[in-house]
Amino acid sequence: MRTNEERAALVRRRAEIIRKEQQRKKHKIQMTVLSGVSLAACLCLLAVIGSAMPHITSCFGEAPVSHTSGAASLLAGSEALGYVIMAIFAFLLGVCVTMLLHVIHRRQQRQMHESDSKESDPKESGEHG
């Protein structure tokens with residue numbers, strides 16, 4: 001039979017576990033919402049840039065484009081500058097994707113570590129009683 005102090009300690013421990021679980025769920029929901037908002041913002045930015053592209057291209061060069069092979073030259077009057085701009089955009093996109101994947105990987109490792117520690121805690125508390 002357990003004493004009142006042991007029961008109170010078990011109730012406090014269970015309350016703490018429930019509180020942490022609720023915080024984890026709340027954090028997961030916040031991250032899902034943040035991801036959705038980020039995705040929507042990226043799509044809006046893409047749509048705005050796409051709709052502004054005709055005006056941007058008209059500012060760079062006044063000669064009509066008579067060929068389709070130099071697609072990068074649409075961003076500037078010369079092919080070289082267009083390819084430099086495209087390379088910068090590709091590099092920035094690569095940096096953003098790399099950072100995103102790194103954050104996701106770290107979050108998954110942290111969640112796996114937390115779940116491993118949670119699995120070991122109930123077993124230890126169950127062996128004492």
Side-chain angles (χ1 to χ4, degrees):
M1 191 111 194
R2 293 186 175 153
T3 64
N4 286 339
E5 290 93 17
E6 290 174 336
R7 289 184 190 143
L10 288 173
V11 168
R12 276 186 251 126
R13 187 178 304 141
R14 180 68 181 145
E16 183 65 29
I17 290 171
I18 291 171
R19 193 176 309 117
K20 286 182 181 181
E21 182 91 11
Q22 289 174 344
Q23 288 175 350
R24 187 180 59 80
K25 286 180 182 179
K26 183 179 177 183
H27 181 70
K28 188 175 181 179
I29 290 171
Q30 288 174 345
M31 292 307 294
T32 302
V33 169
L34 182 63
S35 298
V37 169
S38 299
L39 178 65
C42 288
L43 290 176
C44 289
L45 182 64
L46 184 64
V48 168
I49 290 174
S51 65
M53 196 54 97
H55 175 65
I56 293 171
T57 57
S58 67
C59 293
F60 281 124
E62 297 185 16
V65 177
S66 61
H67 62 283
T68 59
S69 62
S73 64
L74 292 174
L75 295 177
S78 67
E79 284 186 30
L81 183 59
Y83 283 113
V84 168
I85 292 171
M86 293 304 291
I88 291 171
F89 284 150
F91 177 75
L92 291 175
L93 178 65
V95 167
C96 291
V97 169
T98 302
M99 288 173 49
L100 175 69
L101 292 175
H102 180 69
V103 167
I104 290 171
H105 180 69
R106 280 186 25 212
R107 185 179 307 142
Q108 287 177 345
Q109 282 183 337
R110 185 174 47 230
Q111 287 175 352
M112 285 175 46
H113 179 68
E114 288 175 359
S115 66
D116 288 344
S117 64
K118 284 182 182 179
E119 287 176 5
S120 65
D121 286 344
K123 289 178 184 174
E124 291 175 5
S125 64
E127 292 174 359
H128 295 297

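All figures in this text were calculated on a predicted structure; none of them were measured in a lab.
Classification of E21 and R24 as a salt-bridged pair holds, one side-chain N sitting under 4.0 Å from a carboxylate O.
Atom CD in E114 sits 11.5 Å away from atom CZ in R107 (nearest 0.5 Å). Taking CD of Q23 as the reference point, atom CD of Q30 lies at 10.5 Å (rounded to 0.5 Å). Annotation: the span from R13 atom CZ to I17 atom CD1 amounts to 7.5 Å, rounded to 0.5 Å. Considering CG of L34 and CG of L39, their distance stands at 11.5 Å, rounded to 0.5 Å. Taking CG from L43 and OG from S38, the interatomic distance works out to 11.0 Å, rounded to the nearest 0.5 Å. Here the straight-line distance linking atom NZ of K26 with atom CD of Q22 works out to 10.0 Å at 0.5 Å rounding.
Annotation: side chain of H27 is in contact with side chain of M31 (closest heavy-atom distance under 4.5 Å).
R7 CZ: more than 12 foreign heavy atoms inside a 6.0 Å radius.
L100 and L92 end up in different hydrophobic clusters when Ile, Leu, Val, Met, Phe, Trp and Tyr side chains are linked at under 4.5 Å. Note on F91: it clusters hydrophobically with M99, by side-chain heavy-atom contacts below 4.5 Å among ILVMFWY residues.
With no hydrogens or angles considered, no side-chain donor-acceptor pair links Q109 and H113 at under 3.5 Å.
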